[in-house]
Amino acid sequence: MSKYPEKEAYNLGIIIDKNTHAIVQGITGAQGSFHTRLMLEYGTKIVAGVTPGKGGTKVCNIPVYDTVEEAQENHPVDASIIFVPAPFAADAALEALENGIKILVIITEHIPIKDSIEIMEYAKRVNATIIGPNTPGIITPGKSKLGIMPAHIFKPGNIGMVSRSGTLTYEIASSLTRKNLGQSTCLGLGGDPITGLNFIDTLKMFENDSQTRAIVLIGEIGGNLEELTAEYIAREKYPKPIVAFIAGRSAPPGKRMGHAGAIVMGKAGTAESKIKALKEAGVKVAEKPSDVAKLLRI
Amino acid sequence: MSKYPEKEAYNLGIIIDKNTHAIVQGITGAQGSFHTRLMLEYGTKIVAGVTPGKGGTKVCNIPVYDTVEEAQENHPVDASIIFVPAPFAADAALEALENGIKILVIITEHIPIKDSIEIMEYAKRVNATIIGPNTPGIITPGKSKLGIMPAHIFKPGNIGMVSRSGTLTYEIASSLTRKNLGQSTCLGLGGDPITGLNFIDTLKMFENDSQTRAIVLIGEIGGNLEELTAEYIAREKYPKPIVAFIAGRSAPPGKRMGHAGAIVMGKAGTAESKIKALKEAGVKVAEKPSDVAKLLRI
Amino acid sequence: MKLFEYEAKNILSAYGIPTPKGELATSVDQARKIAEKLRPPLVVKAQVLVAGRGKAGGILFADSLAKVKKVAEKLLKMEIKGIPVKSIWIEEKIEIKKELYFGITTDRLNKSYVAIASSIGGMDIEEIAEKHPEKIIKFLINPKMGLRSFHARQIARKMGYEGSQLNAIGKIFERLYKINIDYDAELIEMNPIVETAEGKFVAADARIIIDDNALFRHPQYKKRFFESESELFPQEIEAMKNNLAYVKLEGNIGVIGNGAGLVMATLDTIQLYGGKPANFLDVGGGASAEKIAAALKIVLSDPDVKTLFINILGGITRCDEVAKGILEAKKKIEVTKPMVIRLVGTNEEEGKRILTEVGIPVLDSMEEAAEKVVEISRKGGL
Amino acid sequence: MKLFEYEAKNILSAYGIPTPKGELATSVDQARKIAEKLRPPLVVKAQVLVAGRGKAGGILFADSLAKVKKVAEKLLKMEIKGIPVKSIWIEEKIEIKKELYFGITTDRLNKSYVAIASSIGGMDIEEIAEKHPEKIIKFLINPKMGLRSFHARQIARKMGYEGSQLNAIGKIFERLYKINIDYDAELIEMNPIVETAEGKFVAADARIIIDDNALFRHPQYKKRFFESESELFPQEIEAMKNNLAYVKLEGNIGVIGNGAGLVMATLDTIQLYGGKPANFLDVGGGASAEKIAAALKIVLSDPDVKTLFINILGGITRCDEVAKGILEAKKKIEVTKPMVIRLVGTNEEEGKRILTEVGIPVLDSMEEAAEKVVEISRKGGL
């Protein structure tokens with residue numbers, strides 16, 4: 001990694017930075033309040049929380065409101081991180097979007113597909129960025145995090161990471177950190193079939209981020225987004241080096257979405273297909289999580 | 001009217017002109033086929049018809065297709081006039097809009113409010129012009145008509161007419177024609193609570209239409225659009241003379257939409273309220289239909 | 001189409017909106033049985049569709065079984081604004097802390113639904129809206145989003161609610177919107193929605209008007225539309241069956257025309273000349289001879305009508321069809337009342353020929369015709 | 001959650017989509033009664049949730065009552081891919097002119113629903129899609145518009161239909177989309193939808209998978225989800241009840257981890273070192289000691305499991321909770337199988353302390369741990 005010397009002063013990360021003012025929707029729940037504390041400790045500017053019916057209370061000394069509207073009347077708000085339980089998560093996301101918030105990190109898992117489709121349609125219309133659902137969030141090490149990832153496994157640096165998997169990201173990030181390969185921004189796309197950002201969106205951002213010198217892409221079986229990403233990388237002659245890891249090589253043929261799913265996906269979806277496509281696009285693919293660091297150093 | 005000499009060569013009308021290529025949705029129905037013939041006789045460029053399940057047939061020698069998509073594959077299309085029965089009218093309008101048609105004349109009456117709201121929301125999003133529903137349509141005398149009005153009562157000239165009522169428009173138009181006051185464009189907004197164009201939209205178009213020297217505005221009881229139009233005329237110091245007629249002065253207090261309706265409308269809605277508002281805005285208001293021509297000549 | 005209070009409340013209840021426990025009775029005996037089950041204190045409410053029922057004495061309280069019987073007897077014999085009370089709704093009495101208002105209707109200018117809410121509701125809500133417009137919350141509903149939970153909570157917050165009350169009343173607003181959409185309502189309102197002594201919310205009165213044009217999506221109501229519109233004049237029912245727009249008025253000149261605007265202008269002109277229209281009847285566009293005949297029968301069946309004015313400006317409507325319809329009606333019913341006919345437009349010559357051949361004169365000018373019919377009616381009709 | 005064919009067909013039928021007349025039987029006697037009512041020729045279909053039922057002999061024809069009895073007997077004794085057939089669906093035989101395909105699923109890239117249609121359907125649809133992609137119509141559905149009548153007709157036209165057939169099949173597509181939305185389906189398909197000899201359309205087979213995450217909106221299925229998932233291993237049912245993601249695999253190394261990606265990578269690494277995982281078990285994020293204990297119990301109850309690998313990278317999950325869960329499980333069940341534990345992350349020190357105190361060694365590296373567990377399993381587990 002010697003060709004990517006670490007700098008003292010880091011520029012902005014992608015999507016969030018030190019000056020991002022965020023609210024926490026679902027701040028009064030166990031997860032919401034726990035991670036609000038951790039995010040504050042990390043230096044994230046959490047300005048307010050929203051939990052309907054809990055307006056007027058405080059969590060970690062942060063004021064809680066009943067509605068996003070009220071939070072915005074009292075604070076500058078750039079982003080929202082959502083911990084609201086699945087049945088109510090779409091409502092929370094739409095509330096944030098309708099109130100003009102342009103960056104959403106949706107931690108909640110088990111959101112119905114129909115709800116996610118609605119969220120994404122709205123986000124697209126108003127040009128908002130959605131991370132998740134079912135994501136560990138985003139961290140720009142040393143600057144800010146909007147997410148639930150353990151902060152100590154990250155360190156500032158030049159590697160951009162984008163992943164469909166939470167703990168696997170931690171596994172790889174901590175191995176990079178141990179090997180002194182710091183990260184510019186690490187972003188979890190989310191494990192659901194329908195997510196906001198995808199690999200291609202994120203690669204475009206990393207391309208424009210001067211801080212990022214190389215990218216780690218962590219995929220898994222299911223869907224065809226890795227294959228489409230490989231196509232994109234090849235077609236656009238993507239200028240920064242990428243190392244990939246794909247989980248699920250030993251998995252049996254997964255749950256297939258009937259004939260319709262098979263027709264939509266063609267042969268895509270298996271680890272084999274994804275690895276082949278990425279390799280053909282010039283991406284180095286690691287066999288084991290610990291190989292990622294080695295391949296970055298080549 | 002001597003100060004508005006009639007010209008030999010007329011410019012374009014508002015919204016439609018000689019070169020507007022239109023399709024007829026619901027062309028195979030009794031009304032659709034009858035008025036297709038009359039529009040063709042008037043010189044309107046009807047290029048195709050659409051009736052699901054009747055594709056491949058002809059009406060007045062005009063080819064009929066199953067879908068708007070197919071009509072567009074075979075013809076240039078600027079506008080659509082819709083005769084489709086009320087339960088299916090919203091589907092027809094949305095089909096036209098989704099296929100990129102920007103001018104819709106919806107003749108159909110009895111379309112549910114919920115459907116109209118959906119049509120109008122879509123039209124607004126794609127910046128399309130909707131005339132109706134429940135409208136006689138639009139005529140630019142001597143040029144083109146997309147509508148069901150009897151053509152012989154109109155003649156080319158300088159008076160723009162905009163109305164919420166069908167036969168009342170004919171009544172007044174024919175009296176103007178008899179008195180040699182020709183019309184630039186006559187447009188029925190439609191008799192439903194929710195319509196596409198309203199008085200204000202139309203006044204703006206007439207303002208920019210060099211052919212139009214004076215405007216006849218025909219309102220009726222119900223709603224508060226005449227009052228809001230009066231406000232607009234006063235506020236914008238509308239530059240062209242307007243003569244109005246409001247039907248329903250003798251009507252008993254009409255069906256009120258509960259308390260909610262009363263609160264939304266305030267005291268608006270009665271003929272008295274509308275006439276007062278228009279007079280205060282400097283509009284001449286006729287007592288009888290035949291007085292309109294007299295007031296235009298002042 | 002207006003729903004009865006009990007129909008509206010049953011719908012609200014099915015959507016999970018709290019309403020007072022209640023049942024419908026059409027006899028004193030039934031009322032007694034219901035009262036025994038629900039136990040006083042009770043409210044007994046006349047089920048009529050006319051507005052202003054409360055002020056007309058149609059809502060009575062009863063704190064004993066004997067009183068329920070008495071009150072039920074009274075109401076079931078009562079007429080409200082000319083409408084006999086055929087059924088009563090008996091429900092538990094709610095301890096009212098505060099009366100609120102919430103309703104949804106259409107906003108013509110914005111082409112969408114609008115929710116209206118007020119933390120002061122009840123019978124005088126319109127007066128409040130006029131005198132204290134700041135007490136009224138108007139919330140425009142984006143048609144593609146609908147009224148979501150979070151919108152409902154925004155409204156609840158503006159009404160001054162917080163904590164569990166904010167969520168509870170928000171849920172009620174959200175559900176009412178869902179009913180509005182599912183039932184194609186053109187108006188839906190809870191007035192009052194009551195905050196009880198315990199801080200709960202109950203829809204104490206509810207009103208739903210279904211968009212007549214959407215009845216094809218609600219066959220259960222379409223059927224009942226004709227079956228039980230008990231509060232209509234026979235002419236109105238007949239008009240409905242023939243798809244004619246008819247409104248009974250208080251004068252003596254029967255009016256038939258084509259197009260609502262033209263018919264309204266005809267009424268105005270009659271009035272301008274000093275006459276009094278007996279009705280509004282719009283045959284609509286492209287009416288057939290049969291429809292015209294039906295219209296004549298309806299108007300002439302009204303004993304208040306002394307003279308008849310037919311004003312047709314033919315567009316899609318063909319004058320020859322109108323003329324044939326007049327002859328058809330004449331054949332089937334004895335027409336002794338004088339008629340003034342104005343007939344111009346599509347196929348005008350043929351229409352005039354048909355009528356003048358049998359000795360019925362036809363005029364060209366609506367205003368002349370109006371003047372003439374007023375003159376005749378002034379002479380007493382005949 | 002997969003619905004049985006008969007459940008799916010009953011839904012289609014309720015939405016006005018033509019399906020063959022049919023009834024469900026769980027005994028030969030019932031089958032006979034149904035057959036007498038419907039009258040042969042009939043089709044008898046095993047009701048199992050596994051795919052490929054037709055090719056496995058689960059769909060049989062019967063042209064006489066005697067044959068129905070015979071066929072029913074045969075199917076009700078059959079196992080399909082290891083799953084015993086508990087019920088059969090008996091329906092009228094349709095005269096097939098043509099087999100078509102129509103289905104709706106989600107499109108990840110476009111974040112919307114997508115309709116797939118083909119004028120060639122049936123069992124080989126996927127092969128057709130691969131060899132003749134031009135026969136496949138993919139129609140992306142705008143989430144805010146849905147699949148409207150006119151969209152359905154656009155698809156029907158592209159399939160080559162016109163006239164009344166275009167409207168008829170269009171209506172079926174539109175209704176299937178409505179089911180898709182109302183039931184929160186992640187897949188809904190009719191394969192084949194049959195064009196009959198008379199030119200009518202009938203959904204001869206139907207498949208609905210409901211989005212598990214949306215079951216809270218469909219309580220009737222949520223209940224049945226646990227009641228009748230008869231085709232699952234006991235471990236799978238236990239995992240479901242404990243909200244754990246469990247998949248049975250064919251090896252002998254039990255695996256427990258947190259996070260689907262990490263568990264998958266664990267399986268991959270085991271395999272890379274020559275081992276064979278017995279299962280996939282993801283405890284999810286922030287698992288409590290109880291949940292960890294439940295996970296251990298489930299994995300250890302599988303007789304195929306010879307060794308156990310626990311791989312935890314604590315983020316929200318706390319290592320001390322995991323350690324406590326392991327001790328709790330050990331207390332309740334006799335753990336005789338060797339365990340390899342890798343435990344790092346949040347509260348790592350405390351977790352390690354708890355385990356090492358009772359003599360359980362803990363590793364830091366996932367790969368080392370994987371290597372070790374493979375080695376132990378190679379030695380036969382113990």
Side-chain angles (χ1 to χ4, degrees), chain A residues 30-31 34-35 86-87 109-118 120-121 124 136 148-150 153 163-171 174 191 193-196 198 218 220-221 223-225 228 245 247-252 256-264 266-267 271 287-290, chain D residues 51 101 103-109 111-114 116 125-126 129-130 136 138 142-144 181 184 186-187 189 191 207 209 211-214 216-217 247 249-250 257-262 264-265 267-272 277 280 284-286 313-317 344-346 365-367:
Chain A
Q31 282 230 27
F34 177 69
H35 287 287
E109 53 181 354
H110 299 307
I111 296 180
I113 289 173
K114 191 166 72 182
D115 296 10
S116 290
I117 288 179
E118 188 181 15
M120 300 315 158
E121 191 277 340
K124 191 176 162 191
I148 59 172
M149 57 285 281
I153 60 170
S163 171
R164 280 176 64 192
S165 158
T167 39
L168 189 52
T169 310
Y170 310 162
E171 182 75 44
S174 60
I194 304 285
T195 61
N198 62 30
I218 305 169
E220 60 184 42
I221 51 168
N224 60 347
L225 292 183
L228 294 169
F245 177 81
R249 272 172 303 164
S250 62
R256 290 184 340 156
M257 275 304 148
H259 296 295
I263 294 168
V264 172
K267 290 204 173 300
E287 276 216 316
K288 304 192 294 291
S290 62
Chain D
Y101 175 87
I104 299 167
T105 186
T106 49
D107 183 316
R108 289 173 182 231
L109 183 69
K111 299 165 195 174
S112 68
Y113 294 105
V114 61
I116 308 287
I125 178 70
E126 285 170 40
E130 214 186 306
I136 302 289
K138 287 187 201 180
N142 175 325
K144 282 282 155 183
I181 292 300
D184 271 291
E186 51 183 36
L187 170 80
E189 62 186 1
N191 187 37
R207 203 171 142 95
I209 303 177
D211 179 358
D212 289 348
N213 289 338
F216 69 89
R217 286 198 279 247
V247 181
L249 301 172
E250 291 178 350
N258 62 327
L262 184 66
M264 269 196 284
L267 305 183
D268 293 349
T269 310
I270 289 173
Q271 195 141 315
L272 204 65
F280 168 106
L313 194 149
I316 349 175
T317 309
V344 295
T346 311
S365 153
M366 155 174 165
E367 285 149 30

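Since we're looking at a predicted model, the values are computed, not measured. Naming convention: chains lettered A, B, ... in sequence-line order (proteins, then strands); numbering from 1 in each chain.
Between chain A and the residues D/Asn142, D/Thr269, D/Asn258, the most heavy-atom pairs under 4.5 angstrom are made by D/Asn258. Taking D/Thr317, D/Ile270, D/Leu262, D/Asp268 one by one and counting their heavy-atom pairs under 4.5 Å with chain A, the maximum is reached by D/Asp268. For chain D, the option among A/Ser174, A/Ala247, A/Pro150, A/Ser165 with the highest count of heavy-atom pairs below 4.5 Å is A/Ala247. The candidate with the highest count of non-hydrogen atom pairs below 4.5 Å against chain D, out of A/Gln31, A/Arg249, A/Met120, A/His35, is A/Arg249. The choice from A/Pro136, A/Ala30, A/Gly196 that makes the most heavy-atom pairs within less than 4.5 Å of chain D is A/Gly196. Looking only at heavy-atom pairs under 4.5 Å with chain D, the residue among A/Ala271, A/Ala86, A/Pro193, A/Gly166 that has the most is A/Pro193.
Expressed to the nearest 0.5 Å, how far NZ of D/Lys144 lies from NZ of A/Lys124 amounts to 13.5 Å.
Closest approach of A/Leu168 to A/Pro289, counting heavy atoms only: CD1-CG, 4.3 Å. Looking at every heavy atom in both residues, A/Ile148 comes nearest to A/Tyr170 through O-OH, 4.0 Å. For the residue pair A/Ile221 and A/Gly248, the shortest heavy atom distance occurs at CG2-O, 3.5 Å. When all heavy atoms of D/Phe216 and A/Pro112 are compared, the closest pair comes out as CE2-CG, 3.6 Å. Residues D/Arg108 and A/Arg164 come closest through the heavy atom pair NH1-NH2, 3.4 Å.
In this structure, the portions of A/Ile113 lying under 4.5 Å from any heavy atom of chain D include both its backbone and its side chain. Both the backbone and the side chain of D/Leu313 come within less than 4.5 Å of a heavy atom of chain A. In this structure, chain D has a heavy atom under 4.5 Å from the side chain of A/Glu121, while its backbone stays farther away. No part of A/Ser163 comes within reach of chain D, as not one of its non-hydrogen atoms sits under 4.5 angstrom from that chain. Interface remark: A/Met149 contributes no atoms to any contact with chain D (heavy atom separation under 4.5 Å).
Every residue meeting the side-chain contact (heavy atoms from CB on, under 4.5 Å) condition with A/Ser116, not counting sequence neighbours, appears here in chain and number order: A/Ile111, A/Pro133, A/Ile194. Residues passing the side-chain contact (heavy atoms from CB on, under 4.5 Å) test with D/Ile181, sequence neighbours excluded: A/Lys114, D/Tyr113, D/Tyr177.
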